[in-house]
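To start, the structure itself, in structure tokens.
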There are 2 protein chains.
Amino acid sequence: MQDPFVCTPVSHHHCISSALDKAETLCRSRNVRLTPIRHRVLELIWQQHRPVGAYDLLEQLQQQGRVAPPTVYRALDFLQQQGLIHRLESLNAFVGCAHPQHPHQGQFLICKSCRSLVEITDPEISTVINNRAEAVGFKPLNQTVEVSGFCAGCWQKEQTNG
Amino acid sequence: MQDPFVCTPVSHHHCISSALDKAETLCRSRNVRLTPIRHRVLELIWQQHRPVGAYDLLEQLQQQGRVAPPTVYRALDFLQQQGLIHRLESLNAFVGCAHPQHPHQGQFLICKSCRSLVEITDPEISTVINNRAEAVGFKPLNQTVEVSGFCAGCWQKEQTNG
DNA sequence: TGTGTAATGTTATAATATAACATCAAAATA
DNA sequence: TATTTTGATGTTATATTATAACATTACACA
Ligand SMILES: [Zn+2]
Ligand SMILES: [Zn+2]
Ligand SMILES: [Zn+2]
Ligand SMILES: [Zn+2]
């Protein structure tokens with residue numbers, strides 16, 4: 001995974017096109033259509049490389065013609081179904097997934113200060129949660145794990161300033 | 001904790017009044033005001049004993065006179081600050097907390113079928129998540145852990161029916 | 001009783017999301 | 001190729017969730 005914390009403008013350009021390439025390959029192999037709108041929405045999401053709201057995307061799309069909310073939400077639904085993006089429940093926002101090959105639920109670290117985000121995929125977290133759920137007779141299907149706090153850089157600033 | 005899965009009408013009546021008693025004691029000891037509105041909102045939340053939306057609460061409050069959204073949201077804010085309720089990010093809903101004495105972040109098991117909810121408080125889950133976050137240089141402050149799936153009862157029905 | 005603060009009332013509006021139906025484009029079939 | 005079918009998008013309206021801003025009221029405390 002491309003680490004957002006060290007993602008420079010140059011490497012980020014690469015990480016956008018890499019994500020889009022992966023998406024195209026994946027959609028072709030699954031025989032689903034990554035239409036221009038869907039492709040564009042995914043591109044806009046990766047350009048930010050941080051959580052983006054649906055209406056932010058809408059605004060950007062509207063710079064090239066009239067677009068209405070359902071268009072954006074449909075694209076987001078598709079991208080989510082294909083595992084190309086994740087929805088962040090605590091932010092009402094969306095972020096690109098860097099490993100869309102295997103369906104999974106991400107675990108997200110969200111910086112309160114710079115609003116950057118890192119997705120981790122830790123099997124131990126999933127396992128512990130599932131075990132505890134099953135221990136009380138619950139059948140777990142889907143996990144939402146979102147951690148808010150400070151990224152390394154912002155935490156350092158916090159400590160020196162505060 | 002009163003287990004919602006086995007919460008009968010009778011025991012539930014107890015669990016409402018117990019929660020309200022705890023809240024009163026707690027607010028008195030903290031020298032904050034559990035005003036009639038706040039008390040009423042907490043009561044309505046516990047009456048459902050499952051996640052309730054702000055506008056559901058509003059509707060119920062309006063049966064006794066005109067109430068506007070800010071009133072409900074303010075009460076919810078207060079109750080959240082005091083740890084008397086939790087907000088479920090994945091549902092945009094609120095649920096009563098059965099252990100408001102010690103501030104904590106809950107871990108929630110949400111049944112897709114009957115929409116019942118169980119809060120667990122598992123230190124191991126918190127610890128694993130915090131460890132993994134710190135391992136990538138992130139300073140974790142707040143965790144959102146919400147698991148959707150089937151409660152014991154509904155899972156049994158699912159398996160026999162499907 | 002006055003005086004400051006916290007809580008609530010009130011109105012308006014912001015932000016997020018979906019329903020319903022019309023139109024269009026692509027794929028499949030004849 | 002023409003026809004049919006399906007999926008995608010356009011369009012309008014509206015639902016749902018949440019907050020801003022300012023007026024008023026209740027309470028605490030001097
Ligand atoms: Zn992912
Ligand atoms: Zn940061
Ligand atoms: Zn709790
Ligand atoms: Zn259930």
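So that the names make sense, note that chain A is the first sequence line, chain B the second, and so on, each numbered from 1.
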* Between A/Arg40 (CZ) and D/dT9 (P), how many Å, whole number? -> 15 Å
* Just checking, is any N or O donor in the side chain of B/Ser90 or B/Glu146 under 3.5 Å from an acceptor N or O on the other one? -> yes
* Asked: What is the distance from CG of B/Leu91 to P of C/dT16, rounded to the nearest Å?
  -> 18 Å
* Whole-Å distance separating the CZ atom of B/Arg33 from the C1' atom of D/dA26 -> 7 Å
* Asked: If you check the A/Arg38 side chain, which of D/dA8, D/dG10, D/dT17 turns out closest?
  -> D/dA8
* Send over the distance from A/Leu34 CG to D/dG7 C1', rounded to a whole Å. => 15 Å
* Structure fact -> On DNA chain C, more 5' by nearest nucleotide between A/Asn92 and B/Phe78 is B/Phe78
* Under-4.0 Å side-chain N/O to phosphate OP1/OP2 contact, B/Thr71 with C/dG9 -> yes
* Asked: Nearest-Å distance, CG (B/Leu58) to P (D/dA15)?
  -> 16 Å
* Structure fact -> Which of C/dT16, D/dT19, C/dT8 is nearest the side chain of B/Ile37? It is C/dT8
* Going by atom types only, do A/Glu119 and A/His86 share a side-chain donor-acceptor pair under 3.5 Å? -> yes
* Measure the distance from CG on A/Asp77 to P on C/dT18 and round it to the nearest whole Å. => 7 Å
* To do: Name the closest nucleotide to the B/Pro70 side chain, picking from C/dA6, C/dT10, D/dG10.
  => C/dT10
* State, without any angle test, whether B/Gln105 and B/Thr121 hold a side-chain donor-acceptor pair at a distance under 3.5 Å. => no
* To do: Name the closest nucleotide to the B/Tyr55 side chain, picking from D/dG10, D/dT17, C/dG9.
  => D/dT17
* **From D/dT19, D/dT17, C/dA7, nucleotide with atom closest to B/Thr35 side chain** => C/dA7
* NA contact type, B/Arg74, heavy-atom cut-off 4.0 Å: base, sugar-phosphate, or nothing? -> base
* Chi angles and distances behind the side-chain contact (heavy atoms from CB on, under 4.5 Å) call for A/Ile120, A/Val118 -> CA-CA 6 Å; A/Ile120 59 179; A/Val118 179; 4.2 Å; yes
* Asked: If you pin B/Gly53 and A/Val67 to their nearest nucleotides in DNA chain D, which one's is more 5'?
  -> A/Val67
* From CA spacing to verdict: side-chain contact (heavy atoms from CB on, under 4.5 Å), A/Ile85, A/Phe94 -> CA-CA 7 Å; A/Ile85 61 173; A/Phe94 302 84; 3.9 Å; yes
* Interatomic distance where OH belongs to B/Tyr73 and P belongs to D/dA21 [whole Å] -> 18 Å
* Asked: C/dT8 P sits how many Å from B/Gln62 CD, rounded?
  -> 16 Å
